[in-house]
Amino acid sequence: MTTDAFRPFETAMDQDRALSLLREAVAGADDGELFLERRRSEVISFDDGRIKTASYDASEGFGLRAVRGETAGYAHSTTLDEAALRRAVATARLAVGDGGGTLADAPARTNLRLYGDENPMDGATFPVKIDILREIDAYARGLDARVVQVSATLAASLQEVVILRPEGGVFSDIRPMARLNVSVTVEQNGRREAGGTGAGGRHGLIGLMDPAHWQPAVREALRIALVNLVAEPAPAGVMDVVLGPGWPGILLHEAVGHGLEGDFNRKGSSAFAGLMGQQVAARGVTVLDDGTIPDRRGSITVDDEGTPSARNVLIEDGILVGYMQDRQNARLMGVAPTGNGRRESFAHIPMPRMTNTYMPAGQADPAALVAELKDGIYAVGFGGGQVDITNGKFVFSCTEAYRVRDGVIGAPVKGATLIGDGATALRQIRGIGSDMALDPGIGNCGKAGQWVPVGVGQPSLLIGGLTVGGAAA
């Protein structure tokens with residue numbers, strides 16, 4: 001395993017020559033950069049008593065971008081040398097045309113460090129990691145005789161980026177990531193159900209491999225599986241819903257967050273386009289995107305254009321006050337970049353993306369919110385979902401939910417889906433709990449074929465009049 005720091009201008013190409021070629025690419029452009037990256041990752045999966053996956057990957061390369069107006073020319077290569085960069089210049093310049101642009105100001109500098117730069121894969125050998133996964137499997141099976149299958153995955157990566165700007169500035173970031181996921185399947189009387197949990201963030205694997213961490217995680221996965229084992233078919237109809245704290249914020253991320261990204265609003269394709277300064281949510285509702293929370297999965301010291309990460313208020317007391325911006329969309333909309341220019345890798349162009357998107361706590365007692373439900377659903381876990389950005393309509397499946405009648409939590413329900421649209425759901429929030437929590441660190445966000453790590457969070461929320469899809473009432 002390579003342990004030397006990523007220094008491409010010392011080992012692969014001359015910095016002065018690279019700067020000269022970058023300036024040639026962006027002559028007459030509005031913006032551009034040379035993005036260089038090295039990434040190393042490891043995934044070990046243990047499934048049904050055996051090793052299912054054991055992989056180690058390493059990649060490096062660069063992406064060169066030149067931006068003129070709404071057009072961007074982009075070329076990338078896995079070869080870090082001057083010849084490849086010269087070829088990329090010819091491609092990127094196609095977007096510049098006759099030029100006439102004014103080069104944007106450089107990003108501001110930051111001394112903020114949100115996470116360490118250690119390699120998260122270090123600290124334990126491969127055999128030790130396998131032994132931990134075996135222990136997880138044995139521990140889960142020993143907890144309950146109904147356990148028939150256990151899956152566990154340890155994953156870690158280290159991403160190192162260097163960004164060269166046309167004015168000569170160099171921005172860099174070293175981004176660790178680690179994650180543990182556990183899934184438990186139980187069987188009783190011919191019925192099988194599963195439960196899963198996970199955790200991670202921008203830190204090493206060692207803490208996740210401690211029994212003090214993984215044993216509670218296994219117990220939680222088993223608890224969810226056993227809840228689902230006795231779950232009844234979900235009702236169907238329009239009813240009030242209480243969402244639990246933490247991971248249910250994924251609904252906020254999908255149904256609202258994407259609609260507040262700058263590119264969708266500049267193009268007029270978001271349900272929130274043209275509503276700046278207007279009330280778009282119930283009073284008391286505030287939504288933030290904050291990439292500066294230490295060690296969180298969605299946090300970034302600088303974004304993939306070099307702009308420092310920030311705590312951005314999007315909705316304040318129900319009023320739309322901001323969008324998430326990269327440099328290109330910010331310039332076209334006449335506002336400042338917000339540190340949300342992100343890309344999956346050097347092979348991808350940056351775009352406005354979320355980091356850690358959440359709703360701050362309110363004043364309500366969470367138990368009192370549930371007590372308000374006359375006939376509704378208490379949803380505390382979510383799986384997959386689909387969202388149409390143009391109108392905010394969403395469909396989300398619940399992985400753990402309960403029927404509530406007259407304020408009393410009753411039987412768990414299976415097969416519940418929540419259906420609605422983000423704008424309406426925001427306006428129908430009737431209660432905000434005091435129990436805000438962030439997710440455990442497992443989120444990934446897809447957009448335009450690119451995936452980046454993100455975080456979500458919220459307090460308990462009482463939302464009136466959501467459509468619940470399930471079995472017939």
Side-chain angles (χ1 to χ4, degrees), residues 220 223-224 227-228 231-232 234-257 279-288 314-319 356-383 385 392 394-414 416-440 455-470 473:
E220 175 66 4
R223 183 194 66 79
I224 296 171
V227 165
N228 288 328
E232 303 173 353
V238 177
M239 57 187 68
D240 295 346
V241 174
V242 171
L243 305 180
W247 179 244
I250 190 65
L251 191 151
L252 178 75
H253 166 104
E254 295 287 2
V256 178
Q279 184 174 350
V280 297
R283 292 296 183 184
V285 171
T286 294
V287 178
L288 302 96
L314 308 175
I315 297 173
E316 186 170 21
D317 195 22
I319 306 299
N356 304 297
T357 309
Y358 66 95
M359 184 184 299
Q363 301 297 320
D365 179 356
L369 297 180
V370 176
E372 285 190 39
L373 293 180
K374 298 303 180 184
D375 185 8
I377 295 291
Y378 178 42
V380 298
F382 282 92
F394 60 80
V395 178
F396 277 90
S397 59
C398 300
T399 56
E400 183 182 0
Y402 301 85
R403 188 73 181 267
V404 180
R405 290 187 175 93
D406 295 323
V408 178
I409 298 176
V413 295
K414 179 177 174 59
T417 58
L418 301 186
I419 304 168
D421 69 86
T424 300
L426 283 176
R427 293 179 180 276
Q428 293 178 172
I429 293 175
R430 299 208 312 258
I432 304 173
S434 59
D435 56 345
M436 200 288 286
L438 297 171
D439 76 281
V456 300
Q458 67 172 43
S460 294
L461 296 176
L462 171 59
I463 306 177
L466 283 182
T467 300
V468 177

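Quantities reported herein were computed from a predicted structural model and do not represent experimental measurements.
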**OP:** Determine, stepwise, if the pair V280 / I315 fulfils side chain to side chain contact (heavy atoms under 4.5 Å, CB included).
**Re:** CA-CA 8 Å; V280 297; I315 297 173; 3.9 Å; yes

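- Every residue meeting the side chain to side chain contact (heavy atoms under 4.5 Å, CB included) condition with T467, not counting sequence neighbours, appears here in chain and number order: V238, I419.
- For residues 456-465, the side-chain hydrogen bond (donor to acceptor under 3.5 Å, both in side chains) pairs, not counting sequence neighbours, are D435-S460.
- In this structure, N228 has no side-chain hydrogen bond (donor to acceptor under 3.5 Å, both in side chains) partners at least two apart in sequence or on a different chain.
- Separation of atoms CD1 (I319) and CG (L314) is listed at 14.0 Å; rounding is to 0.5 Å.
- A 4.5 Å side-chain heavy-atom check between P235 and I377 finds at least one atom pair inside the cut-off.
- Distance OG1/T357 to CG/L288: 9.0 Å, rounded to 0.5 Å.
- Here the side chain of R430 pairs no donor or acceptor atom with the backbone of L369 at under 3.5 angstrom.
- Smallest separation of non-hydrogen atoms from L373 and V241: CD2-N, 4.1 Å.
- The shortest non-hydrogen separation linking A425 to L466 is CB-CD2, 4.4 Å.
- The two atoms that bring V456 and G246 nearest to each other are CG2-O, 4.3 Å, heavy atoms only.
- The shortest distance between side-chain heavy atoms of I429 and M359 falls below 4.5 Å.
- Summarising the geometry, atom CD belonging to Q279 is positioned 6.0 Å from atom CZ belonging to R427; distances are rounded to the nearest 0.5 Å.
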Let me have the donor-acceptor pairs involving side chains of residues 247-254, under 3.5 Å, with sequence neighbours excluded, atom names and distances please.
| from | atom 1 | to | atom 2 | distance (Å) |
| --- | --- | --- | --- | --- |
| W247 | NE1 | F382 | O | 3.0 |

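- Taking the side chain to side chain contact (heavy atoms under 4.5 Å, CB included) definition, one finds that M436 meets it with Y358, A361, L438, P459, sequence neighbours left out.
- Nearest heavy-atom pair across D317 and R283 is O-NH1, 3.1 Å.
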Below 3.5 Å, can you tabulate the donor-acceptor pairs from side chains in residues 400-412 to any protein atom, sequence neighbours excluded?
| from | atom 1 | to | atom 2 | distance (Å) |
| --- | --- | --- | --- | --- |
| E400 | OE1 | R223 | NH2 | 3.1 |
| E400 | OE2 | R223 | NH1 | 2.9 |
| E400 | OE2 | R223 | NH2 | 3.3 |
| E400 | OE2 | Y402 | OH | 2.5 |
| R403 | NE | D375 | OD1 | 2.9 |
| R403 | NH2 | D375 | OD1 | 2.9 |
| R403 | NH2 | D375 | OD2 | 3.3 |

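- Put simply, CG on L418 and CG on L243 are 6.5 Å apart, with the number rounded to the nearest 0.5 Å.
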